[in-house]
Novice: 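So that we are looking at the same thing, I have put the structure below in structure tokens.
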Amino acid sequence: MSDPAVDPAKDAAARAAVALVESGMKLGLGTGSTAKVFVDRLAERVHAEGLDLRCAATSKATAEQASGLGLVVLELDDLGWLDLTIDGADEVDPDLNLIKGGGAAHLREKIVATASDRMVVVADPGKVVDRLGAFKLPVEVIPFGWTTTRTRIVRALAELEIEDCPIILREREGRPLITDEGNLILDLALGQIADAQRLARTLSGIAGVVEHGLFLNICSLAIIGCPDGTATELLREDLE
Ligand code: 5RP
């Protein structure tokens with residue numbers, strides 16, 4: 001029976017994604033509330049069917065959850081290449097390009113996703129957008145000199161003719177949020193992103209920027225769960 005405390009759309013996406021898992025796989029586990037539901041459903045299946053899986057987690061929180069549920073969690077370096085990564089997203093566009101990092105884990109999430117044969121996103125319908133950018137774009141920066149990094153981001157955006165983009169230092173409980181890698185997050189209130197490729201290249205070229213939350217041409221399948229318990233699949237065949 002489904003748990004009434006679990007969002008039915010997230011649960012539907014998670015259940016559909018769990019069906020993609022096969023015994024023997026090396027699996028990447030995402031971060032966030034939808035990925036958390038996926039890990040719960042995954043553990044249920046592993047225990048029911050005795051699947052042999054080895055997992056790499058994208059955050060300390062997910063590693064703790066998965067280990068606590070009895071899943072085998074190892075370092076990515078111990079696993080090498082992964083078969084499949086399942087993760088959530090903050091925005092999914094029609095080409096399955098994503099904004100991620102709402103949970104401040106996009107650095108590890110991108111490393112894990114791009115070390116996988118396949119990245120599959122699990123999300124609810126509220127994440128599907130025509131164009132990326134309404135969700136503030138997370139950019140992970142090194143603490144050393146972060147205000148000058150922010151200034152360089154402002155200048156680089158101006159060169160892309162992006163003006164009027166508030167850049168907010170992410171806080172948690174009144175203090176700057178520190179990521180699992182010991183860095184800070186700047187959230188860029190872009191409103192909409194006209195050219196995500198160009199923006200991604202520009203941000204990646206700025207000293208002090210560790211990683212931005214644009215996931216372009218990485219995700220090949222998005223499973224969108226619906227509140228009625230059904231799930232729809234959006235596929236990027238060229239990435240499969
Ligand atoms: C964490 C992420 C999450 O996947 C993203 O924020 C979606 O989270 P949720 O499923 O809670 O909406 O990118 O860094």
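Order of appearance sets the numbers: ligands from 1, and atoms from 1 within every ligand. Remember, it's a predicted structure, so these values are computed and weren't measured experimentally. We count residues from 1, following the sequence as given.
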Novice: Inspect the contact between Asp187 and Arg170 and indicate whether a charged nitrogen and a carboxylate oxygen are less than 4.0 angstrom apart.
Specialist: yes
Novice: Checking side-chain contact (heavy atoms from CB on, under 4.5 Å) between Val210 and each of Ile185, Asn183, Thr179, which is the one that passes?
Specialist: Asn183
Novice: What does the list of residues with a heavy atom under 4.0 Å from ligand 1 look like, ordered by chain and number?
Specialist: Thr31, Gly32, Ser33, Thr34, Asp87, Gly88, Ala89, Asp90, Lys100, Gly101, Gly102, Gly103, Ala104, Ala105, His106, Glu109, Lys127
Novice: Can you tell whether the side chains of Asp87 and Lys100 come within less than 4.0 Å, N to carboxylate O?
Specialist: yes
Novice: Charged N to carboxylate O under 4.0 angstrom, Arg131 versus Asp93?
Specialist: no
Novice: Donor-acceptor check, side chain of His212 to backbone of Leu199, threshold 3.5 angstrom: yes or no?
Specialist: no
Novice: Go through the side-chain N and O atoms of Asn97 and Glu91 and say whether any donor and acceptor fall under 3.5 Å apart.
Specialist: no
